[in-house]
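The structure under discussion appears below in the form of structure tokens.
As the structure is a prediction and not an experimental result, all values here were calculated from the model. First the proteins, then the strands, lettered A, B, ... as listed; each starts at 1.
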Amino acid sequence: MKKFLIIGLTLLLSVGAYAAGALEGEVEKQPLNISAIIMFLLFVGGTLGITYWAAKRTKTAKDFYTAGGGITGFQNGMAIAGDYMSAASFLGISGLVYLAGYDGLIYSIGFLVGWPIILFLVSERLRNLGKYTFADVAAYRLKQAPIRTLAALGSIATVILYLIAQMVGAGKLIQLLFGLPYEVAVVLVGTLMILYVTFGGMLATTWVQIIKAILLLSGATFMAIAVLSHFGFSLEAMFAKAVEVHAQGEAIMAPGGLVSDPISAISLGIALMFGTAGLPHILMRFFTVSDAKEARKSVFYATGFIGYFYILTFIIGFGAIIMVLNNPEYLDVAKQAIEGGSPILGGKNMAAIHLSHAVGGNFFLGFISAVAFATILAVVSGLTLAGASAISHDLYANVFNKHGEVDEAKEMKVSKMATVALGILAIILGIAFEQQNIAFVVGLAFAIAASANFPVLFLSMFWKNLTTRGAVLGGSLGLATAVILVIIGPIVWVQILGNEEAIFPYKYPALFSVTVSFVAIWLLSITDNSDGAREERDAFEAQDIRSQTGIGAEGASAH
Amino acid sequence: MNKETVERIKNNPKYQELVSKRSKFAWTLSIIMLVVYYAFIMLIAFSPATLGAKTGTGVMTVGIPIGIAIIVIAFILAGIYVRRANGEFDLLTQEIKDELNNEQVAV
């Protein structure tokens, strides 16, 4: 184990050396951000130290998948918040507020309101029924092989799509912030992620996530306070100044054109709410705590941290309107010459980054840049662990090996191999998608999570009459509907494939694909009169008692 | 879990009390959250001007305190649920478990 860690470190250092060499050529274009690089190296050093510590404590499969089930509710809440506060939501939402004002808040609210519902209906049942992955719950009383195959496919699809978005984002961000070439950045992220996950498992992933969440929340708090202090902590004064300088004037204080028609608005709401409750890396976090009590606490703390974070990004977005927009220091002169207006360097998603420079100078810019990088690193680690678990625990241990017990050591080995494979795949896809329009990718991930993972999981816990046939066919139909509607929708069909008009007019398919999934599962279950279906219905009672009380549930490991 | 245990727990009045109280509570809170959120979404879809109305003489609009309030409501609802579930409901669950253990020892 130690030997591998050393080999990994050497590999990493050599990438770093190459990066340093490559930097020199880029200096003119992008000044070397020393403070950012130092702070980033500190983060990497610290988290690799944690990985080393976690590696010594990660012995069993339970340790690897769930950190031994010994994470507290508060820690897990922080880690869930960390998983959720990705670079995309930090930079993307503050960028959206910067661009359109109020509309950014609409997205934030949609991302948040799923959490209380997860708490009320899903979290404790999930904890009481599951072991390592959400497929444990979905397959509890249904046929293992088909259900786990579907759940694993749903998980892997969601994870890979998410990984593409994160890797491309990481490459571009690091290119911009650190002046590193795109490929080097992607390889760096992929390598670090493989190290964290293969050696430290869930324990290292959780702590990387917690540290990053603390750094991100502190940095964002500092920025929001700095902005507010300019206006004597008067929101009214801050908004007044923003309205004065923004091209859209008072329109930034009200809903604008981003959510235009009722169908899109509802569909987006469904995608955000049910999608969150179907993301494998988020669901997996519920198995890291000891019992239902801690699972509930996790969601409570996570809701608090995420809500607080979104309020901060709203203030940061407005701060950027005031301090970044029209500031010649951040103006993209070349772009302005072509397109006019006042575009900022790196596009609207860089609004928060430029604001960090405006309020805290080079040092704080370095800090926020390092935090943004750390954020991507932490999120890809969580994603990869979830994807690897789906491969090793669901596919390898329970589908391909249904005859006889699987050796735990072998299952862990498979999951580590899967981690390395996913990491390499993420690097390849990250490089392949550099020049592609990936606007649809996260939306598609959410649509699949909402239409395939969530309905099967939800009905398996709440509906006695669910059968394997209904779940597998209905869930697959939901998955296919989501994928097809995204392909023939406005983003892929028109923007990417260059067709004149979209066959399916809405950007968010969730309203339709989730409905298809639920209706198909219902219909195919109630018409299922096989003996197997009867046994599955009979088994609901025992499952329900366990999900309600936790009797017979997996506990924390002894150490 | 064997059939006998299932029957025993199912027929325990405390279990029935737990299930009925908790599901009522959980669904009520879920519905409150959904109503609040979808009312907000409907307002955006059908009457964005309502949210754009000014609160006073300045630039502040109704939409901003409402938006922030929804975030705060989500947190408060979560707090209300956790408080009752980690207290009352967990106590009931513990009693059910204790009774089951005692009965099994007695048998």
Side-chain angles (χ1 to χ4, degrees), chain A residues 73 102-103 105-106 108-110 112-113 115-117 119-121 124 235-237 239-240 242-244 250-251 253-256 259-266 268-269 273 291-293 296-297 299-304 306-308 310-311 314 541-546 548-552, chain B residues 1-3 5-7 9-10 15 18-19 22-23 25-30 32-34 36-38 40-46 48-49 51-54 56 58-64 67-68 70-79 81-83 85-86 89-90 92-93 96-97 100:
Chain A
Y102 194 80
D103 280 348
L105 189 62
I106 301 174
S108 303
I109 292 171
L112 184 74
V113 293
W115 281 105
I117 312 254
L119 167 66
F120 306 149
L121 302 177
E124 55 196 274
L235 281 175
E236 173 64 35
F239 289 134
V243 166
E244 191 189 311
E250 287 190 350
M253 300 295 289
V259 189
S260 44
D261 61 301
I263 303 270
S264 294
I266 296 168
L268 175 68
M273 192 176 265
D291 53 23
K293 196 187 223 83
R296 290 184 206 112
K297 279 194 210 161
V299 191
F300 170 66
Y301 289 122
T303 310
I306 297 167
Y308 171 65
Y310 284 148
I311 293 174
F314 190 59
E541 218 161 42
Q543 178 197 324
D544 194 42
I545 287 174
R546 174 164 160 178
Q548 299 268 8
T549 61
I551 294 171
Chain B
M1 205 179 297
N2 60 37
K3 235 184 158 61
T5 317
V6 169
E7 286 303 312
I9 298 173
K10 206 177 76 182
Y15 177 70
L18 172 74
V19 170
R22 184 169 54 200
S23 54
F25 191 53
W27 283 105
T28 310
L29 292 178
S30 302
I32 294 174
M33 191 73 251
L34 287 171
V36 167
Y37 177 58
Y38 281 100
F40 177 67
I41 290 292
M42 289 300 156
L43 220 48
I44 291 165
F46 292 107
L51 291 170
K54 296 258 169 63
V59 295
M60 182 67 90
T61 54
V62 182
I64 288 178
I68 304 292
I70 295 175
I71 293 178
V72 175
I73 287 171
F75 181 61
I76 291 174
L77 289 178
Y81 181 78
V82 171
R83 204 184 146 86
N86 280 4
F89 297 154
D90 270 358
L92 260 175
T93 309
I96 296 164
K97 284 183 186 169
L100 187 74

Would you mind checking which part of [X] comes under 4.5 Å of any heavy atom in chain B, side chain (CB onward), backbone (N, CA, C, O), both or neither?
X: A:Leu119; value: both
X: A:Ile545; value: both
X: A:Phe314; value: side chain
X: A:Tyr102; value: side chain
X: A:Asp544; value: both

- Shortest non-hydrogen contact between B:Val6 and A:Ala542, atoms and distance: CG2-CB, 3.7 Å
- Query: If you take all heavy atoms of A:Leu121 and B:Ala26, which pair is closest and at what distance?
  - Reply: CD2-CB, 4.2 Å
- Of the listed A:Gln543, A:Glu236, A:Met273, A:Lys297, the one with the largest count of heavy-atom pairs under 4.5 Å with chain B is A:Glu236
- Answer key: most heavy-atom pairs under 4.5 Å with chain B among A:Gly307, A:Pro116, A:Ala292 is A:Pro116
Answer with side chain, backbone, both or neither: which region of [X] has an atom nearer than 4.5 Å to a non-hydrogen atom of chain A?
X: B:Phe89; result: neither
X: B:Asp90; result: side chain
X: B:Phe25; result: neither
X: B:Leu43; result: neither
X: B:Lys54; result: side chain

Do [X] side-chain atoms and [Y] backbone N/O form a donor-acceptor pair below 3.5 Å?
X: A:Asp103; Y: A:Pro255; answer: no
X: B:Arg22; Y: A:Gln548; answer: yes
X: B:Thr61; Y: A:Met253; answer: yes
X: A:Glu250; Y: A:Val243; answer: no

- Note on the structure: One should read off an interatomic distance between B:Leu77 CG and B:Ile73 CD1, to the nearest 0.5 angstrom, of 7.0 Å
- Query: Between B:Lys3, B:Met42, B:Met33, which shows the greatest number of heavy-atom pairs under 4.5 Å with chain A?
  - Reply: B:Met33
- Message: Does this structure show an ion pair linking A:Arg546 with A:Glu541, if we count only N-O contacts that are shorter than 4.0 Å?
- Response: no
- Hey, mind stepping through A:Tyr310 and A:Ile306 against side-chain contact (heavy atoms from CB on, under 4.5 Å) and telling me if it holds? CA-CA 6 Å; A:Tyr310 284 148; A:Ile306 297 167; 3.4 Å; yes
